[in-house]
Structures are given as C-alpha cells and as structure tokens.
Amino acid sequence: MAQFTILVRFRIADGQLAAFLPLMIENAQASRREEPGCERFDVLQPEDEKDCILLYEIYRDRAAFDAHCVSPHFKRFDAATKSMVAEKQVTVLQLLAEP
C-alpha cells in the first residue's frame with residue numbers, strides 16, 4: 001500500500017507560540033517513538049511567519065494515520081492546544097516523483 005503524506009498548517013493565536021511549541025514537539029516525538037506506522041514527522045516554521053507552524057508527516061498508509069489520530073498522545077495534544085490554535089489546515093499530498 002502507498003504511503004500517506006500530509007501537510008498541516010497551524011496559525012497560532014497571539015501570544016500562544018511559547019506554550020504551543022513544546023506540546024507540538026512532544027506530540028511529534030511520541031508519534032515517531034510509539035507509532036510503528038509513522039515514518040516521518042517534521043515540525044517546521046516559515047522564516048517570515050512567526051505565528052505559523054507546519055507539520056510534514058509521512059505514514060506507512062492511511063490506516064497508520066487513522067491510528068495516529070486516535071492515539072492517546074495525539075488526543076492529549078489536541079485537547080491541550082485547542083484554545084491556542086487560531087486556524088488549522090490539513091492537506092493530503094501525493095508523491096509524484098521519487099528523488
């Protein structure tokens with residue numbers, strides 16, 4: 001089965017980045033550590049958008065992503081950061097060419 005890749009864009013509410021970022025990093029680390037189907041989980045910030053956090057995530061397949069969404073660590077992260085997030089956009093990506 002093909003890999004499942006997403007790009008998540010968060011716009012963080014004013015004054016919340018310092019509280020949000022450690023929780024996001026812990027969620028990413030737990031995903032890589034505890035989820036065999038999580039192949040990559042990068043936390044990124046555009047240089048010119050200090051209120052924006054991007055996630056680049058690759059899962060073995062859609063089932064592995066679905067398991068991530070119901071994992072205890074994701075549920076904790078989601079509940080803890082809900083009020084910190086002004087906007088969230090999830091884009092499913094397709095790999096068109098291998099490097």
Side-chain angles (χ1 to χ4, degrees):
M1 199 176 268
Q3 290 179 321
F4 186 79
T5 304
I6 62 169
L7 178 67
V8 183
R9 179 183 182 88
F10 290 98
R11 190 170 60 76
I12 307 305
D14 289 343
Q16 296 297 308
L17 185 62
F20 177 85
L21 199 50
L23 297 170
M24 180 72 264
I25 291 169
E26 172 53 32
N27 179 57
Q29 292 172 337
S31 297
R32 292 289 292 136
R33 182 177 60 245
E34 299 171 16
E35 298 175 32
C38 180
E39 298 178 359
R40 184 171 195 107
F41 198 127
D42 296 333
V43 180
L44 308 155
Q45 183 177 49
E47 284 185 9
D48 59 344
E49 294 182 70
K50 296 304 179 192
D51 68 341
C52 179
I53 297 295
L54 300 173
L55 308 180
Y56 179 70
E57 304 173 48
I58 301 174
Y59 296 89
R60 180 181 52 236
D61 52 27
R62 177 63 193 238
F65 173 71
D66 291 343
H68 165 72
C69 292
V70 298
S71 67
H73 65 88
F74 175 79
K75 287 181 175 184
R76 281 191 306 275
F77 162 78
D78 194 46
T81 61
K82 196 168 290 288
S83 66
M84 300 175 193
V85 175
E87 184 180 332
K88 179 180 175 181
Q89 178 184 4
V90 179
T91 303
V92 177
L93 304 171
Q94 289 184 332
L95 179 65
L96 301 179
E98 297 267 351

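In this text the structure is predicted, and so the values were computed from the model without any measurement. Reckoned from all heavy atoms, side chains included, excluding hydrogens, waters and symmetry mates.
Following chains of ILVMFWY side-chain contacts shorter than 4.5 Å, one cannot reach Tyr56 starting from Phe4, and the two form parts of different hydrophobic clusters. Criterion: ILVMFWY side-chain heavy atoms under 4.5 Å apart, direct or through other members. Under it, Ile12 and Leu21 are part of a common hydrophobic cluster. In the hydrophobic clustering of ILVMFWY residues, with side-chain heavy atoms under 4.5 Å counting as a link, Leu17 and Val8 come out together.
The two residues Met84 and Ala19 make their nearest non-hydrogen contact at CE-CB, 3.9 Å. When all heavy atoms of Lys75 and Cys69 are compared, the closest pair comes out as CG-O, 4.4 Å. Pairing each heavy atom of Glu39 with each of Arg60, the nearest pair is OE2-CA, 3.4 Å. Across every non-hydrogen atom of Pro46 and Cys52, the tightest pair is CD-O, 3.6 Å. Pairing each heavy atom of Ala18 with each of Pro22, the nearest pair is O-CD, 3.1 Å. Minimum heavy-atom separation, Ala28 to Phe41: CB-CD2, 3.2 Å.
Side-chain contact between Asn27 and Val43: absent, with no pair of heavy atoms (C-beta onward) separated by less than 4.5 Å.
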Donor-acceptor contacts under 3.5 Å from residues 85-93 side chains, at least two apart:
none

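One distance of note links CG of Leu95 with CD of Gln3; it measures 7.5 Å at 0.5 Å rounding. A distance of 7.5 Å separates CG of Leu54 from CD of Glu49, quoted to the nearest 0.5 Å. Summarising the geometry, atom CD belonging to Gln16 is positioned 12.0 Å from atom CG belonging to Asp51; distances are rounded to the nearest 0.5 Å. Of the inter-residue distances, the one linking Ile53 atom CD1 with Arg11 atom CZ reads 13.0 Å to the nearest 0.5 angstrom. The CG atom of Leu55 sits 5.0 Å away from atom CZ of Phe10, with the distance rounded to the nearest 0.5 Å. Residue Ser31 holds its OG atom at 14.0 Å from CZ of Arg40, rounded to the nearest 0.5 Å.
When the salt bridge (Lys or Arg N to Asp or Glu O under 4.0 Å) test is applied to Glu34, no partner is found at least two apart in sequence or on another chain. By the salt bridge (Lys or Arg N to Asp or Glu O under 4.0 Å) test, Arg32 pairs with no residue at all, sequence neighbours left out. The salt bridge (Lys or Arg N to Asp or Glu O under 4.0 Å) check on Lys50 picks up nothing, with sequence neighbours excluded. With sequence neighbours excluded, no residue satisfies side-chain hydrogen bond (donor to acceptor under 3.5 Å, both in side chains) with Ser83.
Screening residues 76-99 for ring-ring contact (aromatic ring centres under 6.0 Å, His included), with sequence neighbours left out, gives Phe20-Phe77.
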Show, in sequence, the C-alpha distance, side-chain angles and deciding distance for Arg33 and Glu26, and conclude whether the salt bridge (Lys or Arg N to Asp or Glu O under 4.0 Å) test is met. CA-CA 10 Å; Arg33 182 177 60 245; Glu26 172 53 32; 3.2 Å; yes

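Paired with Phe65 under the rule side chain to side chain contact (heavy atoms under 4.5 Å, CB included), one option of Ile58, Thr5, Ile6 passes, and it is Ile6.
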